[in-house]
Structure formats: C-alpha cells, structure tokens
Amino acid sequence: MPAPTRAEHREAHALALLRQLGAGHMDHPGGTLLAHLERVHARLGEWGARPALRLAGLCHAFYGTDGFATALLPVGRRAELAAVIGAEAEEIVYFYACCDRAASYPALAADAPAGAADASGADADADAADNEAVSSVAPAFRDRFTGHVHSPDRQSRRDFAELSAANELDLARIDPAFRAAHGPGLLALFTRLRGLLTGPAWRDCQAVLGDSASAP
C-alpha cells in the first residue's frame, strides 16, 4: 500500500484538529459544520482543484467568515493552522475569512473578463504576467479583521471565487429554503465572477442555481 501523500497527511491532521475543536458537533445546514467542510473539500476535488485549495476548502471556516461568525481559532493563532495544512492553504483560508463581502464583492472581478479562468497558451501567459503586478483596474479588497484595503493578484481572487462557489453551492444543494432565498443573488454574483471560475465550477453554478433564478 503506497504511503500517504503530503496532502493526504495534512488532510488527516486537519480533520483531527477540526474534530478536536468541535466542528463535528456544531449545527450547520445539512448536519454539522464538519460535514459541510468535508463536502466543500470533495466538491473542489471534483472540480480539479490543487491540493492547497482543497485543504483550504476543508478548513475555510477556521477563522469564521463574513457570513458565518463562529470561529474555531482566533486569527492570532494562524501559525497553528499553517503548521497543520501548510502556508499556502492557510493563506487561502485567511483570505477567504477576512473578506469584507459588502466592500469587496462589487469589484472582485474588475480586471477578469468572462472566460479568463479557462485561458490557455498565450492568454495564460498574459494572465501570469497580470499576477506579477496590480492592474490599473485591479479591484479593492477590504480585510474585515484589519480594515486594510489592497488589490490582490488574480490567482488569489481565483482561489477565493472557486472556494466561494464550492461553499455556497453546497448550501444551495442541501437547503432548498436557502436556494430559494439566495439563489438568484448567488447566480448574479458568480456570473460576475465567471472570469475567475474554472469551467467545472461555473457549470455547477448554472446547474444548481439556474432553476432558482426562474423560480416564482
């Protein structure tokens, strides 16, 4: 039997920490917070996300979010989570948690034309260059913990958009009342973020939220 990969090792330790901190006993749509986190992790895997993003999906609620106030760890203990899941995944978790959604959502995809996330060849090279410097039309992102406003690179925003879609689509799938109340708004949001989403994520957005947009 092959030895566990580094990502599998980190996943096992992340699950142990989540259980230790009580995620398996916290109520959440569809059951418990832990069950939700595991579904988000699985969805990102189905979309082909890299290991760091999948781990971030499993751990995205550690510091709470702008839509879920309960935190498993205070942000002053970021080093503890980074030691478990790695610095890259922890940075994604923090970025997701710190987003002031009202301030940041409107311009999050300001410099990402529709379809940009699926670019290849010369377009991919151009995207890589865009990551090296802030575009003249790069969006403002407000950190709700510090109040700091900055312009994150496109890869950070792609990770954020992909994780946001996995999270919100899980809630919409599991809770018809949530989908009826928030589906149209979420579909509008992810339509704006389409240039930051992968093809599989965008197709799932259409499949899960499309019906809600036409519901009475």
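These numbers come from the heavy atoms of this one structure, side chains and all, not from hydrogens, waters or symmetry mates.
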Identify every side-chain donor-acceptor pair in residues 164-173 under 3.5 Å, counting partners at least two apart or on other chains, and give the distances.
from	atom 1	to	atom 2	distance (Å)
S164	OG	F160	O	2.8
N167	OD1	H36	NE2	2.7
N167	OD1	H60	NE2	3.2
N167	ND2	Y96	OH	3.1
D170	OD1	R39	NE	2.6
D170	OD2	H36	ND1	2.6
D170	OD2	R39	NE	3.3
D170	OD2	R39	NH2	3.0
R173	NH2	D204	OD2	3.2

Exercise for the section: Say whether, by atom type as modelled, one donor and one acceptor occur between the side chain of R157 and the main chain of L108 under 3.5 angstrom. Expected result: yes
Exercise for the section: Can you tell me which residue pairs pass the salt bridge (charged side-chain N to carboxylate O under 4.0 Å, His left out) test with a partner in residues 52-77, sequence neighbours excluded? Expected result: R77-E80
Handout entry: All side chain to side chain contact (heavy atoms under 4.5 Å, CB included) counterparts of Q206, not counting sequence neighbours
Key = W202, R203
Practice task
Please confirm whether the backbone N or O of P152 pairs with a side-chain atom of S156, one donor and one acceptor, at under 3.5 Å?
Solution key: no
Practice task
Please round to the nearest 0.5 Å and tell me the distance separating atom CG of L186 and atom CG of L193.
Solution key: 10.5 Å
Practice task
Can you sort out the partners of Y63 under ring pair (Phe, Tyr, Trp, His ring centres under 6.0 Å), two or more places apart, ordered by chain and number?
Solution key: none
Problem - Spacing of CG belonging to D143 relative to CZ belonging to F95, to within rounding of 0.5 Å - result: 9.5 Å
Practice task
Over all heavy atoms of both residues, which pair between I92 and A56 is shortest? Give the atoms and the distance, please.
Solution key: CG2-CB, 3.5 Å
Practice task
Establish whether F178 and Y105 are linked, either directly or via other cluster members, by ILVMFWY side-chain heavy-atom contacts under 4.5 Å.
Solution key: yes
Handout entry: Spacing of F141 atom CZ and C98 atom SG [to the nearest 0.5 Å]
Key = 4.0 Å
Handout entry: salt bridge (charged side-chain N to carboxylate O under 4.0 Å, His left out) against E90, all qualifying residues, sequence neighbours excluded
Key = R78
Practice task
Verify, without hydrogens or angle tests, whether R179 (side chain) and I174 (backbone) share a donor-acceptor contact under 3.5 angstrom.
Solution key: no
Exercise for the section: Evaluate the side chain to side chain contact (heavy atoms under 4.5 Å, CB included) criterion for residues L55 and E11: first the C-alpha distance (whole Å), next the side-chain angles of each, then the deciding distance (0.1 Å), finally the verdict. Expected result: CA-CA 7 Å; L55 275 168; E11 178 185 339; 4.1 Å; yes
Completion exercise
Rounded to the nearest 0.5 Å, the CG atom of L44 sits from the CG atom of L53 at a distance of 5.0 Å
Problem - Nearest heavy-atom neighbours spanning C99 and S104 - result: SG-CB, 3.7 Å
Handout entry: Lys/Arg N to Asp/Glu carboxylate O, D159 vs R154, below 4.0 Å
Key = no
Problem - Joint hydrophobic cluster, L34 plus F68, side-chain heavy atoms closer than 4.5 Å - result: yes
Practice task
Tell me whether L33 is reachable from V40 by hopping between hydrophobic residues (I, L, V, M, F, W, Y) whose side-chain heavy atoms are closer than 4.5 Å.
Solution key: no
What pairs of donor and acceptor atoms, side-chain ones from residues 14-32 against any protein atom, are under 3.5 angstrom apart with sequence neighbours left out?
from	atom 1	to	atom 2	distance (Å)
T32	OG1	A35	N	3.1

Practice task
Please identify each residue that fulfils side chain to side chain donor-acceptor pair (under 3.5 Å) with D100, with sequence neighbours left out.
Solution key: R142
Problem - Min side-chain heavy-atom separation V93-L163 under 4.5 Å - result: no
Problem - With sequence neighbours excluded, residues passing side chain to side chain donor-acceptor pair (under 3.5 Å) with H13 - result: H9
Problem - Closest non-hydrogen atom pair, C205 against L197 - result: SG-CD1, 4.3 Å
